[in-house]
Chemist: 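One structure, pasted below without further comment.
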Amino acid sequence: MELLEGTSALRAALDNVRLAGKSLGFVPTMGALHAGHASLIDRAGLECDAVVTSIFVNPTQFNDPKDLAAYPRSLEQDLALLEAHGCDFAFVPSVEEIYPEQDQSQSPSVPAVAHRWEGEERPGHFAGVIEVVDRLLDAVGPCRLYLGEKDFQQLAVLRAHYAQTARAVEIVGCATDRESDALARSSRNLRLSKEARSAAAAIPLALDAGVSLASEGASPAAIERAMTQLLLDAGAQQVDYAVLVDATSLEPALRVEPVTPQRLLIAASFGGLRLIDNADPKHSPLHER
Ligand code: AMP
């Protein structure tokens, strides 16, 4: 694996890959890598001739400086994971490399799909995400971009953003990798106390309750009430949202649709940590996969 820190060195290396007629898969990450990230790298490796992974903790997507300071960093372990999963290029730029002084943050316009849910809870977050992915893609060039469904709204926002631009990028959404009790894998799970970790298993249970109510044709209001109650009964400190939405616009659903894709979205706090997850209400329950 080649480790690159500079934008121009990366561009030159990847131009050579493309000139050789090879396809390129790109997996942007903020490090603290786990099996969920590895599943994206594995998929990119199966579908592309070469894989580049970036590790960059992006300051512009944090609305709370304390969260940025507390973000876990484990570069040595991350590079070992990338190597073990056959990644070809690791791009680990400095903040100055991505945000040169003369080229200050521009706050790009965000598509409407960014406005609700995480957009409301974390003002400026998606503008920061769009800005950094744009800048990383400037360095990487034409590629297939592998993103996790774990961050479902982020995937929808980037799909909407790149649908409006002429950039040569094809977005690939990848299924969420889960722990044995179906909790979505996240570096945050390791920071939960034993009690909070076992209570957080209510998140996939609530999503499964939503899946089964949706299959029975319950109303969105009844689905949302049931998911929220299940989370609170399990000990959630706060439920920011537990909703059924249109899978493209992320607008609240008016009814369960037989054909149009929809999504169940949850954000809830356990033991002081805010966790997000989502599920397709037309798919089989998470606990049966
Ligand atoms: P992050 O480092 O948190 O910015 O995540 C980098 C990429 O990994 C994003 O596209 C995430 O959606 C994806 N990701 C994070 N956790 C998981 C997971 N459990 N399963 C699949 N993809 C994930």
Side-chain angles (χ1 to χ4, degrees), residues 25-47 51-63 67-68 70-75 77-79 81-82 85 87 90-93 98 114 117-118 122 125-137 140 143-162 169-192 197 200-201 203-204 207 250 263 265-267 273-280 283 286 289:
F26 173 39
V27 183
T29 80
M30 298 210 298
L33 302 181
H34 51 66
H37 300 108
S39 69
L40 269 55
I41 294 155
D42 290 345
R43 176 150 176 207
L46 284 174
E47 297 177 353
V51 178
V52 53
T53 303
S54 61
I55 297 177
F56 179 65
V57 181
N58 173 37
T60 70
Q61 74 188 69
F62 287 85
N63 43 323
D67 285 347
L68 173 61
Y71 202 83
R73 290 159 210 252
S74 54
L75 185 59
Q77 274 166 264
D78 291 350
L79 293 175
L81 180 143
L82 294 184
H85 286 267
C87 178
F91 180 44
V92 188
I98 298 297
W117 321 122
E118 293 306 290
R122 305 170 70 185
H125 170 69
F126 286 122
V129 168
I130 289 174
E131 182 173 32
V132 75
V133 178
D134 272 347
R135 286 172 185 241
L136 291 169
L137 285 172
V140 169
C143 63
R144 300 183 81 188
L145 176 61
Y146 287 81
L147 300 170
E149 287 183 349
K150 160 75 169 60
D151 299 284
F152 195 79
Q153 191 173 12
Q154 170 172 282
L155 175 60
V157 166
L158 290 171
R159 277 195 199 284
H161 175 67
Y162 290 115
V169 59
E170 182 191 337
I171 296 184
V172 184
C174 303
T176 301
D177 184 61
R178 297 178 179 279
E179 298 194 20
S180 56
D181 61 358
L183 183 67
R185 221 176 276 283
S186 161
S187 56
R188 290 183 168 220
N189 299 354
L190 299 173
R191 292 162 55 202
L192 292 166
R197 172 63 189 79
I203 296 175
L207 289 169
L250 304 197
R263 206 80 186 178
L265 304 179
I266 285 179
L273 287 171
R274 188 171 180 278
L275 303 173
I276 59 170
D277 200 355
N278 65 86
D280 178 350
H283 203 303
L286 300 171
R289 293 187 202 170

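Counting starts at 1 for both ligands and their atoms, following the listed order. What you see is a predicted model, and the numbers here were worked out from it, not measured in a lab.
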Chemist: Salt bridge between D277 and R185, side-chain N to carboxylate O under 4.0 Å?
Modeler: no
Chemist: Among all the protein's non-hydrogen atoms, which is closest to atom 12 (O) of ligand 1, and how far away is it?
Modeler: D151 OD2, 2.6 Å
Chemist: Look only at interatomic distance and state if G148 has a nitrogen or oxygen under 3.5 Å from any nitrogen or oxygen of ligand 1.
Modeler: yes
Chemist: Is there a nitrogen or oxygen of R185 sitting under 3.5 Å from a nitrogen or oxygen of ligand 1?
Modeler: yes
Chemist: For ligand 1, which atoms, with element, lie under 4.0 Å from some heavy atom of T29?
Modeler: 2 (O), 6 (C)
Chemist: Would you say S39 has any N or O atom under 3.5 Å from an N or O of ligand 1, going by distance alone?
Modeler: no
Chemist: Between D67 and R122, does at least one N-O distance fall below 4.0 Å, as a salt bridge requires?
Modeler: no
Chemist: Counting N and O atoms only, with roles assigned by atom type, does the side chain of W117 sit under 3.5 Å from a partner on the main chain of L265, one being a donor and the other an acceptor?
Modeler: no
Chemist: Would you say V129 and V157 make side-chain contact, with heavy atoms under 4.5 Å?
Modeler: no
Chemist: For the residue pair Y162 and I130, what are the closest heavy atoms and their distance?
Modeler: OH-O, 4.4 Å
Chemist: Can the ring centroids of Y71 and F62 be said to lie less than 6.0 angstrom from one another?
Modeler: yes
Chemist: Quick check: do H37 and M30 have side-chain heavy atoms less than 4.5 Å from each other?
Modeler: no
Chemist: To check your reading of the model: name the closest protein heavy atom to atom 6 (C) of ligand 1, its residue, and the distance in Å.
Modeler: P28 O, 3.4 Å
Chemist: Looking at atom 8 (O) of ligand 1, what's its closest protein heavy atom, distance included?
Modeler: H37 CD2, 3.3 Å
Chemist: I'd like to check which ligand 1 atoms, numbered from 1 as shown, lie under 4.0 Å from a non-hydrogen atom of L147.
Modeler: 10 (O)
Chemist: Among all protein heavy atoms, pick the one closest to atom 4 (O) of ligand 1 and tell me residue, atom and distance.
Modeler: M30 CG, 3.7 Å
Chemist: Would H34 and N189 count as having a side-chain donor-acceptor pair, cut-off 3.5 Å?
Modeler: no
Chemist: Is H34 close enough to touch ligand 1? Criterion: a residue heavy atom under 4.0 Å from a ligand atom.
Modeler: yes
Chemist: Purely on distance, is any nitrogen or oxygen of D177 under 3.5 Å from one on ligand 1?
Modeler: yes
Chemist: What is the closest protein heavy atom to atom 17 (C) of ligand 1, and at what distance does it sit?
Modeler: K150 CB, 3.8 Å
Chemist: Does any N or O of ligand 1 fall below 3.5 Å from an N or O anywhere on T176, backbone included?
Modeler: no
Chemist: At less than 4.0 angstrom from any non-hydrogen atom of A175, what atoms of ligand 1 do you find?
Modeler: 21 (C)
Chemist: Any chance you could lay out the side-chain hydrogen bond (donor to acceptor under 3.5 Å, both in side chains) test for Y146 and E47, step after step, and finish with the verdict?
Modeler: CA-CA 10 Å; Y146 287 81; E47 297 177 353; 2.8 Å; yes
Chemist: Could you tell me the residue and atom name of the protein heavy atom closest to atom 22 (N) of ligand 1, and the distance to it rounded to 0.1 Å?
Modeler: L40 CD1, 3.3 Å
Chemist: Within a reach of under 6.0 Å around CD of Q77, are more than 12 heavy atoms found that belong to other residues, nucleotides or ligands?
Modeler: no
